[in-house]
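Beneath this line is the structure, given in structure tokens, with notes to follow.
Position 1 is the first residue of the sequence, and the numbers go up from there. Both backbone and side-chain heavy atoms feed into the values below; hydrogens, waters and symmetry mates do not.
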Amino acid sequence: MRRSRSRLMFVNGGNDPMTAEPYRLGRGSRDSAVYTAPGVHHVFLGDVIAELPPQQKAKAIADLRRWAR
């Protein structure tokens, strides 16, 4: 999966014990992203996206809207 997937989004809390080692996208990944919300613990995806820094939050939401078309 790390080498050739598209439209993957990983949104991690910076203090989330479930992401002690965050996922890293491989070179073959297309249209995918990994985001980290600083200081956030393990919560629901929408809650973590809301806590992303403004620029990352805007990009994550834009990706989801584009993928949903």
Are any of the side-chain heavy atoms of Val48 and Tyr35 separated by less than 4.5 Å? no
Quick one: closest heavy-atom pair of Ala60 and Met9, and the distance? O-CE, 3.4 Å
For Pro38 and Glu51, which heavy atoms make the closest approach, and how far apart are they? CD-O, 4.5 Å
Gap separating the CZ atom of Arg7 from the CG atom of Leu64, nearest 0.5 angstrom: 11.0 Å
Is there a side-chain contact between Asp63 and Arg66 in this structure, where contact means two heavy atoms from C-beta onward sitting under 4.5 Å apart? yes
Return yes if some donor-acceptor pair links the side-chain N/O of Ser6 with the main-chain N/O of Arg30 below 3.5 Å, else return no. no
List the atom of Leu25, the atom of Phe10, and the distance in Å for their closest heavy-atom pair. CD2-CE1, 4.1 Å
